[in-house]
Amino acid sequence: MALIVQKYGGTSVADLEKIRNAARRIKASHDNGDQVVVVVSARAGVTNRLIRDAKSLQAEPDGREMDLLLTVGEQETMALTAMALHALGVSAVSRTGAQAGIFTDSAHTRARIRKISGGDLREQLDQGNVVIVAGFQGISEEGQVTTFGRNASDLTAVALASALNAETCQILTDVDGVFTADPRLIPEARKIEEISYDEMLELAGAGSKVVQSRAVEFAKNYGIELVVRSSFNNNPGTVVKEEVASMEDVAVRGVALEKDQAKVVLSNVPDIPGTAAKLFQVLAEDEINVDMIVQNIGRAGKANVTFTIAVEDTYRAERAVHRWIEEVGAKSKVSIIDQIAKVSVVGVGMRSHTGVAATMFTALAEAGVNIQLISTSEIKISVAIDLAKAEEACRVVHSAFQLAREAPSP
Ligand code: ADP
Ligand code: ASP
Ligand code: MG
């Protein structure tokens, strides 16, 4: 008898028929003799609708109220899933994050998990019950309901798998696993059988939302193997695990696309020690996540600094930059260009293969895609480009690294 954690994403519980489908899968595992902990997301579209409602009442809603609002989505799914299981004759109980003893810090809407006591999960499992836990939420030490940030039901699943010492943690979603690129964008993308934590982490951080990056980070730190697979069929899926030597055989494992980026260009920046430090300090104080950064060579004591941010942070970034201009007394000019996208290639094989950047940049050049910024890590190369060219750029890069499925033989 194994203890397994199964996480069902929003599309997998989008309507009552899908909830019944999830319940049938859960029942099959339970009938198999496994102890099953289920983590559920809000039904597809619910969280977005709640956020829209909140923001149409107030531009920057209070974090505590926001968390109370957003947790409703997961709470609805957990109770409906329990009912669907009851209807199939399976004994099941649902638990909110707080009831499952998921304790967090008190940073509303982006809380971090501090510890998991598990509440009465063990007793319930030992009594033969399926336990359904609402994803993406916990409780602060002050007793306030908190959430962990978008897509973080994956994190609930991984953290519970670790706390309960589960044998396996399955991320059940609406595609067959992790692909060489988003299969909705590139239909010829191939399913990856095994991927290392580091590659998955880089892909997730670069925009492949199939598994949330903090969940992958947690899985890596605690050695939890993840299986990403479809909730709609029984195909095997992708295993996310510790790196093995053969993973370096291919240079590029996958391509990721992040839309909704903006580029902030600062000109006439004083080229003296401490200027950049102060600028990025001001941005950090306002919790603006800066991604790619480029500073050109200074001339006549002045330089240009360019960086990218998420488009939703544009207004706050502009405010922060103006504060910095005032504080340092600079005569810098700021311009913000939205409609930017980031395309990345990721693979642990980059450590031992040369020419990855050349292949990527040549493919982009041949497609007439202008590269605006470049950033690299040991296993990733990212470029910022015009949003209008984003999908084409992904396609040409994907095919330049021959990542596509082999065509079926005639
Ligand atoms: P869930 O609601 O189950 O959490 P998500 O929408 O968060 O599902 O993630 C699944 C989606 O991720 C897929 O529908 C797919 O469009 C997208 N995706 C992006 N990149 C990839 C990739 N490399 N492999 C698989 N899916 C990807
Ligand atoms: N419902 C939350 C969201 O949409 C969490 C999740 O689905 O993982 O972001
Ligand atoms: Mg998701």
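We count ligands from 1, going down the list as the structure has it; atoms in each ligand are counted the same way.
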Engineer: Is Lys220 salt-bridged to Glu243, going by a charged N under 4.0 Å from an acidic O?
Structural biologist: no
Engineer: Are Glu225 and Lys241 within salt-bridge range, i.e. N to O under 4.0 Å?
Structural biologist: no
Engineer: Using a strict 4.0 Å cut-off to heavy atoms of Thr11, name the atoms of ligand 1 that fall inside it.
Structural biologist: 2 (O)
Engineer: Provide the number and element of each atom of ligand 1 under 4.0 Å from a heavy atom of Asp174.
Structural biologist: 10 (C), 11 (C), 13 (C), 14 (O)
Engineer: Record the part of Val175 in heavy-atom contact with ligand 1 below 4.0 Å; permitted values are side chain, backbone, both and neither.
Structural biologist: side chain
Engineer: Among all protein heavy atoms, pick out the one at the shortest distance from atom 2 (O) of ligand 1; state its residue, atom name and that distance to 0.1 Å.
Structural biologist: Gly10 N, 3.1 Å
Engineer: Are Lys7 and Asp154 within salt-bridge range, i.e. N to O under 4.0 Å?
Structural biologist: yes
Engineer: Could you tell me whether some N/O pair between Ser12 and ligand 1 is separated by less than 3.5 angstrom?
Structural biologist: no
Engineer: Any idea which residues sit under 4.0 Å from ligand 2, heavy-atom distances?
Structural biologist: Ser41, Ala42, Thr47, Glu74, Phe136, Arg150, Asn151, Ala152, Ser153
Engineer: Can you name the atoms of ligand 1, numbered from 1 with element, that are less than 4.0 Å from a heavy atom of Phe179?
Structural biologist: 22 (C), 23 (N), 24 (N), 25 (C)
Engineer: Which of the atoms of ligand 1 are close to Pro183, meaning less than 4.0 Å from one of its heavy atoms?
Structural biologist: 24 (N), 25 (C), 26 (N), 27 (C)
Engineer: Hydrogens and angles aside, do Asp386 and Asn370 bring a side-chain donor and acceptor to less than 3.5 Å of each other?
Structural biologist: no
Engineer: Do Ser140 and Thr104 meet the criterion of a side-chain donor-acceptor pair at a distance under 3.5 Å?
Structural biologist: no
Engineer: Sequence neighbours excluded and cut-off under 3.5 Å, please list the side-chain donor-acceptor pairs for residues 75-85, or say none.
Structural biologist:
from  : atom 1 : to    : atom 2 : distance (Å)
Glu76 : OE1    : Arg43 : NE     : 3.4
Glu76 : OE2    : Arg43 : NH2    : 3.3
Thr77 : OG1    : Ser41 : O      : 2.8
Thr77 : OG1    : Gly73 : O      : 3.1
Thr81 : OG1    : Thr77 : O      : 2.7

Engineer: Are the charged groups of Arg323 and Asp286 less than 4.0 angstrom apart, N to O?
Structural biologist: yes
Engineer: What's the verdict on side-chain hydrogen bond (donor to acceptor under 3.5 Å, both in side chains) for Ser377 and Glu202, showing C-alpha distance, side-chain angles and the deciding distance?
Structural biologist: CA-CA 9 Å; Ser377 80; Glu202 291 279 23; 2.9 Å; yes
Engineer: Determine whether Asp126 and Gln35 satisfy the following criterion, side-chain hydrogen bond (donor to acceptor under 3.5 Å, both in side chains), listing intermediate values before the conclusion.
Structural biologist: CA-CA 8 Å; Asp126 290 342; Gln35 293 191 319; 3.2 Å; yes
Engineer: Report the part of Lys209 (side chain from C-beta onward, or backbone N, CA, C, O) that has a heavy atom under 4.0 Å from ligand 1; answer both or neither where that applies.
Structural biologist: both
Engineer: For ligand 1, is there an atom lying under 4.0 Å from some heavy atom of Ala181?
Structural biologist: yes
Engineer: Is the shortest side-chain N to carboxylate O distance from Asp313 to Arg316 below 4.0 Å?
Structural biologist: yes
Engineer: I need the minimum non-hydrogen distance between Ala157 and Ile171, along with the two atoms involved.
Structural biologist: CB-CD1, 4.4 Å
Engineer: Applying a heavy-atom cut-off of 4.0 Å, say which part of Lys7 lies close to ligand 1: side chain, backbone, both or neither.
Structural biologist: side chain
Engineer: Counting from 1, what ligand 1 atoms have a heavy atom of Thr173 closer than 4.0 Å?
Structural biologist: 1 (P), 3 (O), 8 (O), 10 (C)
Engineer: For atom 16 (O) of ligand 1, what's the nearest protein heavy atom and its distance?
Structural biologist: Asp182 OD1, 2.8 Å
Engineer: If the test is side-chain hydrogen bond (donor to acceptor under 3.5 Å, both in side chains), which one of Arg253, Glu188, His398, Lys191 qualifies with Thr180?
Structural biologist: His398
Engineer: Please could you name the atoms of ligand 1 that Gly177 approaches to less than 4.0 Å, counting only its heavy atoms?
Structural biologist: 24 (N), 25 (C)
Engineer: Take Arg25 and Gln6 through the test side-chain hydrogen bond (donor to acceptor under 3.5 Å, both in side chains) and record every step on the way to the result.
Structural biologist: CA-CA 10 Å; Arg25 279 190 90 101; Gln6 291 185 341; 5.9 Å; no
Engineer: Considering only the protein, which heavy-atom contact is closest to atom 27 (C) of ligand 1, and what is its distance?
Structural biologist: Val210 CB, 3.7 Å
Engineer: Which ligand 1 atoms, with their elements, are less than 4.0 angstrom from a heavy-atom of Val178?
Structural biologist: 24 (N)
